[in-house]
Number of protein chains: 2
Amino acid sequence: MARTTISEVAKAAGVSVSTVSRALRGLDKVNPSTRKRVEDAAEKLHFSFSKSASSLASGKTMRVGVLLADRISGWFNSHAFEGVYESLSVHGYDVIPYVIWGEDSLDNFFQTLPGNQNVDAVIVFSFDLDDAKKQVLKELTVPVVGLNTPSDDGYDATARIDDDAAMYAPVRLLHSLGHESLAYVEQPETSPFLSSSRIRSQGFVSAARELGYADDKIMTIPAIVYTGMRSQMDAYSGIAAQLVGSPSRPTGVCVENDKVAVALVRELVRVGVRVPEDMSVIGFDDDSRAPILDLTTVHQDPTELGRAAGNKALALMRGEQLADPYSVVPTSLVLRDTTGTAPANE
Amino acid sequence: MARTTISEVAKAAGVSVSTVSRALRGLDKVNPSTRKRVEDAAEKLHFSFSKSASSLASGKTMRVGVLLADRISGWFNSHAFEGVYESLSVHGYDVIPYVIWGEDSLDNFFQTLPGNQNVDAVIVFSFDLDDAKKQVLKELTVPVVGLNTPSDDGYDATARIDDDAAMYAPVRLLHSLGHESLAYVEQPETSPFLSSSRIRSQGFVSAARELGYADDKIMTIPAIVYTGMRSQMDAYSGIAAQLVGSPSRPTGVCVENDKVAVALVRELVRVGVRVPEDMSVIGFDDDSRAPILDLTTVHQDPTELGRAAGNKALALMRGEQLADPYSVVPTSLVLRDTTGTAPANE
DNA sequence: ATGAAAGCGCTAACAG
DNA sequence: CTGTTAGCGCTTTCAT
């Protein structure tokens, strides 16, 4: 299986290299019998195109880059990546992840990759980019599509959930169950440029206000940015303590994601708070953890988001005009067992 | 940020393209002051190499392909991929996933990608390849490293856990807890070419035999291959029924992975079987689900496996001779709350 | 230490 | 419908 080149195929088939190129790429204007001959020769020689050579000559790389923060193995990222892969791989594109670990690697990415024709499009996951970087994006010659980016600014297209609107359903549920004091818990530690935290938190607050909660009945436990905690578990017991010890005595709490919600529920139970009898908890994501604890949560479909982003990139690469470049994938509340009517007043 | 080429940099720096090439790649024999000038020019012009052009000229693609089955978002695959990425990306390699959905796409992969210089190495996850395909691998001109492949045959290097040996610890635990009848549960549905099922199951059986269990005290519930089930849940209730209804009355059960184990435990509890009082359950993986149910399980580290595979690929690409091409990453038993002493005889 | 020149394997006009 | 001719942007001898 040593490297076979197109010219060897040409020789074997008794035609010119350009004919081989045309035949194998399925272009028109090739005599069916010639094509057959070429295909046979190619097959026999185990020929396949060198992507590099094709890229160089054609200007299209058939590769799209996916920019994501922190880790590819997380629930959201891995599923969104999969969605992108699904939509693009069937069209012959390679999908290449670029994991950004910190401000440095972000800078580095912006410094290098986009400049030269190394990808035909880039898809950006959940980043909260500063203006300078948005500017760089705009200057890119390839399409840039955002996935759950905080705004559409700087992107040729985006696919996202409406984090803000998504928080209305859980808050409404809590309200209808009679909870008079609410709380929102952010993930203890997050990547610096991940965006959903803030927005979701804001959505929670505005939903609560809209439903008539006074500000002293709306508590927020923000992300801890510094890494002072001895362990993850300490963070959760700290949160549980804040929840229980708060003067506002929240009985209904929304959590930024299921990962944190599950850990929190376990911690609450450990310290004697019954869920949902004493406190209702609602997560976000509906990931694989949620059903295990029968966690009430906000369902979102990152794979679908990925597919949507991939399809937009595809259309853009083809030069098509998108009918709806900035689209929203809906979320839905999943009712399970961690929510119940508010406990009777003390 | 329009495409800047090396020759523009050369012009700007007042040198030849070859000097730019040398300077920017950090080769020796470049006057420090010249290098500085080139670097400045490159930076100002936002220059970066075209990977395609470099590949074509040098013969090295700086890309490695990862072949994986089914989906990239699963716990094992996403973490193993991440490990590969970690080890390779810092050396400038792009890591490209190729997801294989069925026999067809496997054939297709083998037909095309390897032939021409599209990657510098390929890493294969968990595949059970037939001889024909192993033969193709052997003929590949690039290094091929396996990750959790059932055998080392056909690979230049592999990194794996010892599925067989890994099953000894849980079986020994069950034995020491006094369980007199055991069972092994495979994942209800799996990809056709995934390998761990069979091996793990075999390891379970031989461990049990070695510890003195008679064959009628060793039950195995194999994967259901056909898709007759109305839903996933039906599969689990079927398994629970088999476990409870079996004449051998197993009280200690090992499950192929945590995903299935967690679902099974929930189903058992639902039908009134107490865990661990009536039945002990041990999973495999120690994924994010395991701690939620306090599942006793066999811990494995796919990220580490991925890093190991990536590093081997790296060494091989450099032409180094590997001291230990076929290495084993250890697993360990994690004791939690789904295992206990066998119930008193009826 | 630097430059000139010859490709790497393919695509893309342009002829015919 | 098919062949010829130029490159794509870079690396790599080979000179100097």
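Lettering of chains follows the sequences in order, A, B, ..., and the numbering in each one begins at 1.
- The side chain of Val15(A) lies closest to dG3(D), out of dC10(C), dG3(C), dG3(D).
- Rounding to the nearest 0.5 Å places NE2 of His91(A) at 5.5 Å from CZ of Arg318(A).
- For the pair Asn31(A) CG and dC1(D) P, the computed distance is 7 Å after rounding to whole Å.
- Formation of a donor-acceptor pair under 3.5 Å by the Thr4(A) side chain with backbone atoms of Leu45(A) is found in this model.
- The separation between Lys51(A) atom NZ and dC10(D) atom C1' is 20 Å, rounded to whole Å.
- Looking only at atom types and distance, the side chain of Ser18(B) has a donor-acceptor partner in the side chain of Ser16(B) under 3.5 Å away.
- Ranking dT11(D), dC10(C), dT11(C) by closeness to the Ser21(A) side chain, first place goes to dT11(C).
- Each of Val30(A) and Lys60(B) lies near DNA chain D, and the nucleotide nearest Val30(A) is the one positioned closer to the 5' end.
- Each of Asp156(B), Asp153(B), Asp131(B) was scored for a salt bridge (charged side-chain N to carboxylate O under 4.0 Å, His left out) with Lys138(B), with one residue passing: Asp153(B).
- Two residues, Ser58(A) and Ser58(B), neighbour DNA chain C, and the one matched to the more 5' nucleotide by heavy-atom proximity is Ser58(B).
- For Ser33(B) and Ser55(B), each mapped to the nucleotide of DNA chain C holding its nearest heavy atom, the one lying further toward the 5' end belongs to Ser33(B).
- Taking atom CZ on Arg22(B) and atom P on dT13(D), their separation rounds to 11 Å, with Å as the unit.
- With hydrogens and angles ignored, the 3.5 Å screen pairs no side-chain donor or acceptor of Asp120(B) with any backbone N or O of Val64(B).
- Distance Leu56(A) CG to dG9(C) P: 12 Å, rounded to the nearest Å.
- Rounded to whole angstrom, the span from the CZ atom of Phe49(A) across to the P atom of dC8(C) amounts to 18 Å.
- For the OP1/OP2 pair of dT11(D) and a distance below 4.0 Å, the side-chain nitrogens and oxygens of Arg25(B) include at least one atom meeting the criterion.
- Note: CD1 (Ile6(B)) to C1' (dT11(D)) measures 8 Å, nearest angstrom.
- When each of dG9(D), dT2(C), dC10(C) is scored by its nearest atom to the side-chain atoms of Ala57(A), the top-ranked nucleotide is dC10(C).
- Distances were taken from every side-chain heavy atom of Lys29(A) (C-beta onward) to each of dT2(C), dC1(D), dG9(D); the shortest belongs to dC1(D).
- The interatomic distance linking Met62(A) (CE) with dC8(D) (P) rounds to 22 Å, in whole Å.
- dG3(D) atom P lies 15 Å from atom CG of Leu27(A), rounded to whole Å.
- A close approach under 4.0 Å does not occur between any side-chain nitrogen or oxygen of Ser54(A) and OP1 or OP2 of dC10(C).
- Note on Thr34(A): a side-chain N or O is less than 4.0 Å away from OP1 or OP2 of dT2(D).
- When side chains are defined from C-beta on, Gln300(B) counts as touching Asn148(B), because their heavy atoms get closer than 4.5 Å.
- Residue-to-nucleotide contacts include a donor-acceptor pair under 3.5 Å from the side chain of Ser18(A) to the base of dT4(D).
- Taking 4.0 angstrom as the limit, Ser16(B) places none of its side-chain polar atoms (N or O) nearer than this to OP1 or OP2 of dT2(C).
- Of the candidates dG3(D), dC10(D), dT11(C), dC10(D) carries the atom nearest the Thr5(B) side chain, counting heavy atoms from C-beta on.
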